[in-house]
Chemist: 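Here it is: the structure, laid out below.
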Amino acid sequence: MRAVVLALTVALVVPEFALDKTYVYKYEALLLGGLPHEGLARAGIKVSSKVLLSAVTEHTFLMKLMDPLLHEYAGIWPKDPFVPATKLTSALAAQLQIPIKFEYANGVVGKVFAPAGVSPTVMNLHRGILNILQLNLKKTQNIYELQEAGVQGVCRTHYVINEDPKANHIIVTKSKDLSHCQEKIIKDIGLAYTEKCAECTERVKSLIETATYNYIMKPAAAGVLIAEATVEEVHQFSPLKTQTLAFVEIEKTPVVPIKADYLARGSLQYEFATEILQTPIELMKISDAPAQIIEILKHLVANNVAMVHDDAPLKFVQLIQLLRVATLENIEAIWAQFKDKPVYRRWLLDALPAVGTPVIVKLFKEKFLAGELTIPEFIQALVVALQMVTADLETIQLTASLALHEKIATIPALREVIMLGYGSMIAKHCVAVPTCPAELLGPIHEIAAEAISKNDIPEITLALKVLGNAGHPASLKPIMKLLPGLRTAATSLPLRIQVDAILALRNIAKKEPKLVQPVALQLVLDRALHPEVRMVACIVLFEAKPSVALISSLAGALKLETNMHVASFAYSHIKSLTRITAPDMAAVAGAANVAIKLMSRKLDRLSFRFSRALQLDFYYTPLMVGAAGSAYMINDAATILPRAVVAKARAYLAGAAADVLEIGVRTEGLQEALLQSPAADESVDRITKIKRTLRALANWKALPTNQPLASAYIKLFGQEVAFVNVDKTVIEEAIPIVTGPKPRELLKAALKALQEGIALQYAKPLLMVEVRRILPTAIGVPMELSLYTAAVAFASVNVQATITPPLPEEIETMTLEQLKKTDVQLQAEARPSVALQTFAVMGVNTALIQAAVMARGKIRTIAPGKVAARADILKGNHKVEALPVEVPEHIADVSFETLAVVRNIEEPTAERIVPLVPELAIFKMAALRSATPFHKTLCLAVPYIEIKGCIEVHSHNAAFIRNDPLFYIIGQHSARASVARAEGPAVERLELEVQVGPRAAERLLKQISLIDEETPEGKAFLLKLREILETEDKNVRVSSESSSSSRIISSSSSSSMSSSRMTETATVMEPFRKFHKDRYMAPHGASKAVSSGSTASSFEKIQKQAKFLGNAVPPVFAVIARAVRVDHKLLGYQLAAYFDKPNARVQLVVSSIAENDNLKICADGAVLSKHKVTARVAWGPECQQYAVIAKAEAGVLGEFPAARLEVEWERLPIIVTTYAKKLSKHIPMAAFKAGFRLERVSNADKEIELTAALPSQRSLNVIARIPEMTLSRMDIPLPIAVPINPDGTLSIQIDEDILSWIQKHIKEE
């Protein structure tokens, strides 16, 4: 027998089944989801059955399942048992026991046949069993590798054949690498615009996708017999999957097929069924789709009236799912029923675009052409629908016919949306079908060629954007015809066409970077091209992920670059790439680190007025999540405004990457118009240039009409969804709209509606995220990873206005005097609310059964408010009142929980949901910490208005198992915020009143007075206050001395460290001189005390004339903020503002209106000269406890214009001084990192001085004197020029012609 085994090992005979026998096997398959830790919940299914195999012919076999049974699992693993799904098994028993027919030769499964009554889901279960029988055994090799077909596709498979002489059998081990497949069966939904990040998955060593098959083969008369087979499939972040097939016996009774036609049902490969239409978050039994759609519509309308309902997002997702299975006729009937009901119509128009089936695009086309949809409705629907729809050839042709329709051609904005969507649709189709033909872009290529021949610039722009969205390599040749420097025809085209042509290469670069890299590099290095063209080409080059050689070539060429904008842009771009940590950019980051060493460090010191690129990112490898941001600013040396600004956000998740959002703004037309104007003359001075620029902007009617003045675009997931061009025509059309009769008509209608009362209820639902990945398992059951986020925002608004006297019928005849005599009262109540639900699901999702681990998050907020406002223009009185409003129990509710869920279609209401982390988990491992939940409630009562706010937090996670971010996330977490009335007298309303003019004093609720220090009462008050403050200072001194030794040690160590890092050379500083009539006075060093003294004395002299201006002049205005309570107790604050015009002095006094409360805040300031301002802020009882004095003045530092700010304090609150001392310890290190020079000197203890000087209009010198140190930094580059002359005057002047034009224009309107 040993010789037989050895012979089989060398020349193995494939498994065979005799014609006159039936082979009986016991089969069991298990799919279990969740974390592999005892005590945590898991969800899954189990299939068990007898399998009968019988040969019909030599290569044709029948397979029949006997006594099949389905089990469900949702419980604590491993103590909870599986539960038989009896009803589901009974419902499927007839299908499961129908024999299927399959071809089998040399161990390879061929075609599969079954009657039409066998559903695709049941067929896939049979394929899971047949997959075990798939054995490609070679007769001459024991270890080999090949690409083998299976349920999951054609994947790399490794075979190892061993003998076991003692047991008299052969062991065959087959390992499938599911991450390396020639043809992988997978279905992605919502991922068409993402890029696969192979480098992201390579970093995660535990990211495994394998299936291991172990066979025990025994010799038999006809060859070998599969005695036992076990399969174990492992995926990272996915359920465990196992199969066993064990031989039981051989029977003589053959398997008999049923009396039905056996139809070809494909091969061994998995067939996608209705799981594509089935959302994994809920199992719906769809019996009558139209009736169920109407039922959910009515539920959404009826339950979202006063505020958004808790389940509104989930119901909205259900509505979308039902619409996906409905036919075109069903949807048309529902539309006809509800199109004239505004609320139902809005819900349908929000849901239909998210359905994503070709039926919806056809429906929208028919309804728009029939006049049943308005243009805004159609545009809004198409923007979403064209991005969501399945991109098959039928839908692409439908979109093309829509774009070319004569009615669409008359509406440019609508045509642009459809054309951009057409390009996006081709991009999605090419993701699903990599061999997509170039003929799909034929219509766009023809449009582009025709537009070029006619020099139709807008049409060329649109064609380029469509080609950019499609990103097909076949478009490279048509695009290159429009690139400058490569074709002579492109040189005559406007600059913006050249830029758009380069940007159209970006999506092509993601697919074929080697084709785009040399083109982009050639454009960057061509010095004959416009700098903007070269910088845009630089963006494309780096997005194509160039090699070290290409980047080094660029760096070498930039050494001789003469255009500083190009040099600055490329250098900053390369430097920012050196800090990138995202895995897909690791090679580029390494190349950038090499290239940056080849470039001149002088480029690092260029100011922000030169063009720049910036990239920042964050990536967390264990969870494969990250984010990146890019910003590009392209400037022009001749103008102030940047030529272009682009910002982009990128995200990484689970091995995929996507450019989530990109916004770009260009002012190219405006720039070119200014360059062609006299303002661009470099020979004139700056003042003349600015005057000419302003005059050119004022004379906008003379600007060219053949190009836009500015443009903007927005991209979502790398696809341009909208763009706008602002040109002279747009301005000409906009001015009549703004200044013509239409705004007056709208104002009239709005005022009339306000007087009659407005009651508005509006709901806006949105399916924000739908991302799904469905992949078959070896069992034949689909496993899904998905993320859903849906939100519904709702607002209920009621507004009522009363206008006295009533406005005239013709509002345009109303004079300013009439308006001043108008009393307007407005009362408004609003209840905005938002409900958001998000689901992350991992597990089995079929139309029959769902078993998954789910993370579910919910957010619900309600913010009701009721206000009344009154504006009496004649009396100068304006009042706003916040009135009591009914508040729900919780104004904000946030929850997140992880669950194990199982449900089946025969018992949809009997679903079992188990928390992934049970509250009372019992673990065998004694080392684990307790799983005690965290629960805490924090409340804060707001004084005076008697309102209490509370936040209740609950959290229970699995961090006791492992200190890992994932285990902190799983569990149950919730937070709820509530607002309620606190104990005490009820508040009737909150008032904010502003009184302007001579009646301001009358509105003050409490007489304002300041204590006079010269009176006996004032002296007694100050003496008592001084005693209190001295006691307070003594207590602080005692507490500080207790820790003085540790502070000294810490201070000395930090001081030594700081001194080692800082320069010890004294900073050479020019004296500060104040401006005077003839320019400036004495130097700072010689007369600081004198000048400060004179400043203080002059300010004190003004104060002594009238310490409190209220004794001499009435307040200019008064502001009263108070709470009106039922006990009529005065609570709140009032502000009075006084103005002493002769002395240019302003005084503000804030005081409490509560009885026996003398707390006040006093701010007193004066303009002592046109170069000097002084202010004093004091607060505390009678404004006597704390005080700060600030002085600001302009002057010169050396020969440079400068400004100085001095802040002195007499006394500050203890909390301020305490934190200031702590902060001062970090100043040396912060100064060192910011490039400041530090000098240890003994400056004034209670004074901070900041001096800033302008050596040039593009640089800044800063000197800061604080207690114990002086900080300074010279030649700080400024992003823009500051128009200040050395004598302190502004170098910007407004031309009288421009002023007169503005005044004339205002008078005309």
Side-chain angles (χ1 to χ4, degrees), residues 419-420 422-424 426-427 430 436-547 549-551 553-554 557 566 570 634 644 646 664 666 668 713 715 718-720 723:
M419 291 285 284
L420 292 173
Y422 180 76
S424 300
I426 292 175
C430 292
C436 58
E439 287 74 17
L440 293 174
L441 286 162
I444 307 302
H445 292 165
E446 292 174 4
I447 290 173
E450 184 180 354
I452 293 172
S453 64
K454 295 180 179 179
N455 200 28
D456 188 346
I457 302 303
E459 196 70 1
I460 297 175
T461 300
L462 180 59
L464 284 172
K465 291 179 180 294
V466 175
L467 295 177
N469 276 0
H472 198 289
S475 299
L476 183 61
K477 188 174 181 180
I479 293 173
M480 287 182 67
K481 293 180 180 179
L482 300 171
L483 293 178
L486 303 178
R487 296 290 186 272
T488 55
T491 57
S492 61
L493 293 173
L495 178 64
R496 60 192 176 97
I497 294 296
Q498 301 174 21
V499 171
D500 286 339
I502 298 172
L503 292 176
L505 298 173
R506 296 170 77 184
N507 282 337
I508 300 176
K510 294 176 182 179
K511 299 177 182 178
E512 299 291 344
K514 299 296 183 183
L515 294 177
V516 176
Q517 287 171 2
V519 176
L521 181 62
Q522 182 178 348
L523 293 172
V524 175
L525 300 181
D526 191 345
R527 297 182 184 177
L529 300 180
H530 192 281
E532 183 180 0
V533 170
R534 300 175 64 193
M535 287 183 272
V536 172
C538 185
I539 296 174
V540 175
L541 175 63
F542 286 113
E543 288 188 357
K545 301 177 183 177
S547 63
L550 282 178
I551 298 181
S553 299
L554 175 63
V566 175
I634 298 176
V646 178
R666 300 184 68 233
E668 72 284 6
Y713 70 86
K715 284 188 175 185
Q719 297 293 302
E720 191 161 337
F723 69 95

Chemist: Is any side-chain heavy atom of Val524 less than 4.5 Å from a side-chain heavy atom of Phe542?
Modeler: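 No. Closest side-chain heavy atoms not under 4.5 Å.
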Chemist: Calculate, to the nearest 0.5 Å, the distance between atoms CZ and CD1 belonging to Arg496 and Ile460 respectively.
Modeler: 9.0 Å
Chemist: Please find the pair of heavy atoms, one from Gln517 and one from Pro546, that lie closest to each other, and give the distance.
Modeler: NE2-CA, 3.6 Å
Chemist: Using the test salt bridge (Lys or Arg N to Asp or Glu O under 4.0 Å), find all partners of Lys510 that sit at least two apart in sequence or belong to another chain.
Modeler: Glu195, Asp659
Chemist: In Å, rounded to the nearest 0.5 Å, how long is the span from CG of Leu462 to CG of Asp456?
Modeler: 10.0 Å
Chemist: Can any side-chain N or O of Asn469 pair as donor or acceptor with the backbone N or O of Gln719 at less than 3.5 Å?
Modeler: no
Chemist: Donor-acceptor check, side chain of Asn507 to backbone of Gly468, threshold 3.5 angstrom: yes or no?
Modeler: yes
Chemist: Can you sort out the partners of Ala501 under side-chain contact (heavy atoms from CB on, under 4.5 Å), two or more places apart, ordered by chain and number?
Modeler: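 Residues passing side-chain contact (heavy atoms from CB on, under 4.5 Å) with Ala501: Leu464, Ile479, Leu482, Leu483.
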Chemist: Mind checking ring pair (Phe, Tyr, Trp, His ring centres under 6.0 Å) for Tyr422 and listing every partner two or more places apart, or none if nothing turns up?
Modeler: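 Here no residue qualifies.
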Chemist: Once rounded to the nearest 0.5 Å, what's the spacing between atom NZ of Lys465 and atom CD of Glu720?
Modeler: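 Nearest 0.5 Å value for the NZ-CD distance: 3.5 Å.
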Chemist: Restricting to side-chain contact (heavy atoms from CB on, under 4.5 Å), what partner residues turn up for Leu525, sequence neighbours left out?
Modeler: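 Testing Leu525 for side-chain contact (heavy atoms from CB on, under 4.5 Å), a comparison that skips the adjacent residues, returns Leu521, Leu554, Ala557.
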Chemist: For Leu476, check side-chain contact (heavy atoms from CB on, under 4.5 Å) against everything at least two apart and list the hits.
Modeler: Met480, Leu505, Leu515
Chemist: Holding to side-chain hydrogen bond (donor to acceptor under 3.5 Å, both in side chains), I want the full list of residues that pass it with Glu512, two or more places apart in sequence or in another chain.
Modeler: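 Glu512: no side-chain hydrogen bond (donor to acceptor under 3.5 Å, both in side chains) contacts found.
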Chemist: Using the salt bridge (charged side-chain N to carboxylate O under 4.0 Å, His left out) rule, collect all pairs that involve residues 514-523, keeping only residues at least two apart or in two chains.
Modeler: none
Chemist: To check you understand the geometry: which heavy-atom pair defines the closest contact between Arg527 and Arg534, and what is its length?
Modeler: CA-NH1, 3.7 Å
Chemist: Nearest 0.5 Å, what's the CG-CG distance between Leu523 and Leu541?
Modeler: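 Here the rounded value is 10.0 Å.
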Chemist: So, for Ala544 and Ala509, which heavy atoms are closest and what is the spacing to 0.1 Å?
Modeler: CB-CB, 3.9 Å
Chemist: Taking all atoms of both residues into account, what is the closest heavy-atom pair of Ala470 and Ala427, and its distance?
Modeler: O-CB, 3.6 Å
Chemist: Got Asn455 and Leu493 here, is their nearest side-chain heavy-atom distance under 4.5 Å?
Modeler: yes
Chemist: Give a yes or no on whether the backbone of Ala451 and the side-chain of Glu459 come within a donor-acceptor separation of less than 3.5 Å.
Modeler: no
Chemist: Please evaluate residues Glu532 and Val499 with respect to the criterion side chain to side chain contact (heavy atoms under 4.5 Å, CB included), reporting the C-alpha separation (whole Å), side-chain torsions for both, the decisive distance (0.1 Å), and the verdict.
Modeler: CA-CA 8 Å; Glu532 183 180 0; Val499 171; 4.1 Å; yes
Chemist: If the condition is side-chain contact (heavy atoms from CB on, under 4.5 Å), which residues does Ser553 pass it with, not counting sequence neighbours?
Modeler: none
Chemist: Is the shortest side-chain heavy-atom distance between Ile457 and Pro494 below 4.5 Å?
Modeler: yes
Chemist: For Glu543, enumerate each residue passing the side-chain hydrogen bond (donor to acceptor under 3.5 Å, both in side chains) test, keeping only those at least two apart in sequence or located in another chain.
Modeler: Arg506, Lys648
Chemist: For the atom pair CG (Leu529) and CG (Asp526), what is the distance rounded to the nearest 0.5 Å?
Modeler: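 With rounding to 0.5 Å, CG (Leu529) is 3.5 Å from CG (Asp526).
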Chemist: Please report the interatomic distance OH(Tyr713) to CZ(Arg666), rounded to the nearest 0.5 Å.
Modeler: 9.0 Å
Chemist: Mind checking side-chain hydrogen bond (donor to acceptor under 3.5 Å, both in side chains) for Lys454 and listing every partner two or more places apart, or none if nothing turns up?
Modeler: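 In terms of side-chain hydrogen bond (donor to acceptor under 3.5 Å, both in side chains), with neighbours along the sequence ignored, Lys454 is linked to Glu450.
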Chemist: Scan the side chains in residues 437-446 for donor-acceptor partners under 3.5 Å anywhere in the protein, sequence neighbours excluded, and list what turns up.
Modeler:
| from | atom 1 | to | atom 2 | distance (Å) |
| --- | --- | --- | --- | --- |
| His445 | NE2 | Ser475 | OG | 3.3 |

Chemist: Taking the side chain from Lys511 and the backbone from Gly471, do they hold a donor-acceptor pair closer than 3.5 Å?
Modeler: yes
